[in-house]
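Report on one structure; see the data block that follows.
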Amino acid sequence: MRTSLLAKSAARSAMKLKALHMYAAVVALLLCSAVNFIQSPTDVFGPVALLEPTPSAARDFGAVVSDAPFAVMRPESAADVAQLLSALSSSAPRRPRAAVAARGAGHSLHGQAQARGGIVVETRALQPRAVEVVVRGGGSGDAYADVGGGALWVEVLEECLKVGLAPRSWTDYLYLTVGGTLSNAGISGQAFKHGPQISNVLQLEVVTVEEESEDTAISDLCFFAFVFASSVAGSGEVVTCSPTMNPELFFAVLGGLGQFGIITRARIPLQVAPPKVRWVRAFYDSFQTFTQDQELLVSMPELVDYVEGFMVLDEQSLLSSSIAFPAPVNFSPDFGSVDGDRKVYYCIEFAVHDFQQQGSAADHVVELVAAGLSYLRPHMYSVGVAYFDFLNRVRMEEESLRSRGLWDVPHPWLNVFVPKHGVEPFKDLLMDTITPGEFEGPILVYPLLTDRWDGNTSAVVPSSPDGVMYVFSVLRSTDPARCGRACVEAIMEQHRRLADEACRDGGVGAKQYLARQPSPAHWRDHFGSSWDRFVARKARFDPMHVLGPGQGIFPMMDSASSM
Ligand code: FAD
């Protein structure tokens with residue numbers, strides 16, 4: 001009797017469980033199948049608010065790629081982003097398939113922040129973008145700023161300067177987002193001393209896709225999707241990471257090209273900001289002397305705070321490079337005849353922080369340093385400027401280009417890191433592609449020290465036995481009235497050939513920066529020995545290849561059911 005009661009009860013339980021399974025399976029499948037009836041972006045994910053795409057979501061500074069997304073998201077919080085990534089990271093067959101690109105200020109060059117047919121997450125909407133400055137122990141030694149991933153570096157600077165502090169490492173242009181530059185590297189004339197911006201981060205908050213173990217997956221409703229449909233690949237999680245807390249994610253995301261997560265906050269170390277800097281320019285007619293002196297300057301980090309340099313191709317390039325420099329420059333070199341070989345000049349730019357308001361110790365440092373340089377005497381010019389104005393100097397160039405209608409135009413840029421031993425041959429290859437008089441924009445050339453780059457991050461730099469590499473930034477604006485689509489294509493093709501030659505095995509061993517490689521095979525070559533690590537990081541943090549489609553590194557899984 002007791003046995004049959006037990007048996008009946010067990011049978012009832014089994015039936016209940018079966019009914020529950022069936023019910024939940026239907027619910028799960030209904031939930032999953034809802035996406036089959038998408039009429040508009042706002043229908044897709046219920047609580048995740050998606051918006052109709054805006055033209056800016058398919059545009060960037062490069063203005064050569066334009067891929068329209070299916071929808072745009074303006075998240076208010078990291079949790080909003082996590083919800084979106086959860087919805088998209090499931091491997092259940094009837095779940096929506098859409099790739100997601102974070103878009104900061106959209107200053108990419110080749111559509112890297114775009115998502116064709118996918119979803120663009122506009123990180124500028126993230127709240128709070130506010131910058132919170134924390135000084136521990138009364139000194140600046142432990143000071144840091146917690147900043148939103150969508151904050152512009154100029155906003156970070158303005159806020160930190162209110163308490164006399166500032167980050168150490170910069171980009172030349174400040175209207176870029178924290179998340180955008182940390183996804184690349186973030187370099188400027190301070191990088192020889194402090195490393196790139198990715199070497200100057202204490203902690204990150206990242207929304208990533210955490211792979212769900214089977215134990216987790218079968219603990220809730222997903223169990224039924226697991227049993228009746230397929231396994232769940234991951235869910236969006238907000239993760240805090242640092243060199244000691246979730247270090248694998250921390251290092252993956254830095255220089256990670258938006259492949260492993262969306263940066264929603266960053267903790268940036270601060271130093272005491274000088275009220276002023278002494279800003280110096282010195283001219284050269286020999287490339288060799290120019291680079292030798294640059295290397296001398298970067299060997300003196302205790303004296304010098306910033307080192308860059310640029311080529312002076314003609315009168316126009318001298319004029320436009322002088323726009324932001326607020327001191328008279330009486331340098332009128334002879335560039336040679338139009339038909340004959342045109343001479344190229346070079347300009348070193350360095351700066352010394354000036355902490356004295358009256359009578360400047362920085363002047364003495366400049367004198368001391370300049371005495372060891374071999375510039376074309378007397379062509380060295382120096383000026384004292386407010387620290388903010390110095391860091392914000394490219395804004396004036398932007399205004400000038402805007403006034404000439406040359407800002408919102410195609411920018412076929414080329415950025416290459418070249419190891420020291422390849423600098424001369426690379427410069428010659430580059431000059432073969434440039435016609436002075438037709439070239440609009442600066443060509444920056446300056447050295448960086450590879451030991452300031454943390455090899456754990458995802459960024460790639462060339463191996464350089466003597467620890468010195470040069471950045472060559474060919475920052476060309478094309479005037480549509482003189483250079484149409486075919487002309488821009490031809491420039492980009494020229495850049496591709498130049499980069500292939502410089503980066504190929506047996507070449508000068510260069511690595512491109514900020515470029516979208518033309519194919520996954522090129523990406524493999526670009527990453528070289530760190531490719532396997534990059535792939536393993538992708539498998540761990542974005543197994544369904546949802547993130548960063550605009551880089552063209554990983555094709556999306558299950559692309560057949562793309563929206
Ligand atoms: P976006 O173009 O919006 O995004 C760039 C990439 O990062 C995309 O793949 C995107 O998906 C990803 N991404 C954006 N936000 C996030 C996030 N929160 N989390 C994860 N991934 C994200 N670079 C330098 O290093 N030094 C310079 O001096 C310098 N100067 C520049 C000057 C100008 C005028 C321009 C146009 C660019 C310059 N750059 C420089 C390049 C710049 O650093 C990169 O293009 C950078 O990505 C721009 O930031 P953004 O906010 O516009 O990023």
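Indexing begins at 1, ligand by ligand and atom by atom, following the structure's order. Predicted model, so just to flag it, every value in this text is computed and none were measured. FYI, the numbering just counts along the sequence from 1.
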Using the rule given for ring-ring contact (aromatic ring centres under 6.0 Å, His included), can you reason through Y470 versus F426, listing the C-alpha separation, both sets of side-chain angles and the distance that settles it, and then say yes or no? CA-CA 10 Å; Y470 277 77; F426 182 81; over 10 Å; no
Please step through ring-ring contact (aromatic ring centres under 6.0 Å, His included) for the pair Y446 and F350, ending with a clear verdict. CA-CA 11 Å; Y446 59 94; F350 74 95; over 10 Å; no
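At under 3.5 Å, not a single nitrogen or oxygen of T123, backbone or side chain, sits near a nitrogen or oxygen of ligand 1. Considering backbone and side-chain atoms alike, G106 places an N or O below 3.5 Å from some N or O of ligand 1. Considering backbone and side-chain N/O of A102, one or more are found under 3.5 Å from N/O of ligand 1. The distance criterion of under 3.5 Å between nitrogen or oxygen atoms is not met by R103 with respect to ligand 1.
With respect to R393 and D172, a salt bridge is recorded, a charged nitrogen being found less than 4.0 Å from a carboxylate O. With respect to the salt-bridge test (charged N to carboxylate O, under 4.0 angstrom), the residues E398 and R395 qualify.
Protein heavy atom in closest approach to atom 32 (C) of ligand 1: Y173 CB, 3.4 Å. Distance from atom 19 (N) of ligand 1 to its nearest protein heavy atom, with residue and atom name: I263 N, 2.8 Å. For atom 26 (N) of ligand 1, the nearest non-hydrogen atom of the protein is I187 O, 2.7 Å. The nearest heavy-atom contact from the protein to atom 45 (O) of ligand 1 is H107 O, 3.1 Å. Atom 5 (C) of ligand 1 has S108 OG, 3.2 Å as its closest protein atom, hydrogens excluded (heavy atom only). Protein heavy atom in closest approach to atom 40 (C) of ligand 1: L176 CD1, 4.0 Å. The closest protein non-hydrogen atom to atom 47 (O) of ligand 1 is N184 ND2, 2.9 Å. For atom 21 (N) of ligand 1, the closest non-hydrogen atom of the protein is S183 OG, 3.0 Å.
The ligand atoms of ligand 1 that sit less than 4.0 angstrom from a heavy atom of L257 are 9 (O). Near G258, with a cut-off below 4.0 Å to any heavy atom, the atoms of ligand 1 are 21 (N). Within ligand 1, counting atoms from 1 as listed, the ones closer than 4.0 Å to a heavy atom of G104 are 1 (P), 3 (O), 14 (C), 51 (O). Each of the atoms 43 (O) of ligand 1 lies under 4.0 Å from some heavy atom of T181. Proximity to D172 (heavy-atom distance under 4.0 Å) selects the following atoms of ligand 1: 27 (C), 28 (O). Interface of L514 with ligand 1, defined as ligand atoms under 4.0 Å from a residue heavy atom, comprises 41 (C), 44 (C). The A105 neighbourhood of ligand 1 comprises atoms 3 (O), 50 (P), 51 (O), 52 (O), with distances under 4.0 Å to a heavy atom of that residue. Listed by number with element, the atoms of ligand 1 under 4.0 angstrom from any heavy atom of Q112 are 8 (C), 9 (O), 11 (O).
At least one heavy atom of W413 sits less than 4.0 Å from an atom of ligand 1. Heavy atoms of G186 come nearer than 4.0 angstrom to ligand 1 in at least one pair. Remark: distances from the non-hydrogen atoms of G261 to ligand 1 include one below 4.0 Å. Residue D60 places no heavy atom under 4.0 Å from ligand 1. Taking 4.0 Å as the cut-off, W170 does not count as a neighbour of ligand 1 on heavy-atom distance.
The nearest pair of heavy atoms linking Q190 to L391 is NE2-CD2, 3.6 Å. In this structure, P274 and Y387 approach most closely via the heavy-atom pair O-CB, 3.1 Å.
Using a 4.0 Å cut-off between heavy atoms, F260 makes no contact with ligand 1 at all. Residue contacts with ligand 1, taken as heavy atom pairs separated by less than 4.0 Å, involve Q551 solely via side-chain atoms from C-beta onward.
Ring-centre distance between H353 and Y306: not below the 6.0 Å cut-off. Taking the six-membered ring wherever Trp is involved, the centroid distance between the rings of H107 and Y173 falls below 6.0 Å. Aromatic pair F290/Y346: ring centres closer than 6.0 Å. The aromatic ring centroids of F388 and F390 lie 6.0 Å or more from each other.
Below 30°, between 30° and 60°, or above 60°: for F417 and W453 the angle between ring planes is above 60°, a perpendicular geometry. Below 30°, between 30° and 60°, or above 60°: for F554 and F534 the angle between ring planes is below 30°, a parallel geometry. Taking the six-membered ring for Trp and thresholds of 30 and 60 degrees, W413 and H411 have ring planes more than 60 degrees apart, a perpendicular arrangement.
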Per-pair distances, 0.1 Å, donor-acceptor, side chain in residues 61-75, under 3.5 Å, sequence neighbours excluded:
from : atom 1 : to   : atom 2 : distance (Å)
S66  : OG     : A58  : O      : 2.9
D67  : OD1    : R116 : NE     : 3.3
R74  : NE     : E122 : OE1    : 2.7

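Of the possible donor and acceptor atoms, none in the side chain of N392 sits under 3.5 Å from a partner among the backbone N and O of L174.
The residue from T123, T208, L84 that alone fulfils the side chain to side chain contact (heavy atoms under 4.5 Å, CB included) condition with I262 is T123.
Summarising the contacts of atom 49 (O) of ligand 1 with G180, A185, P549, the nearest heavy atom is found in G180.
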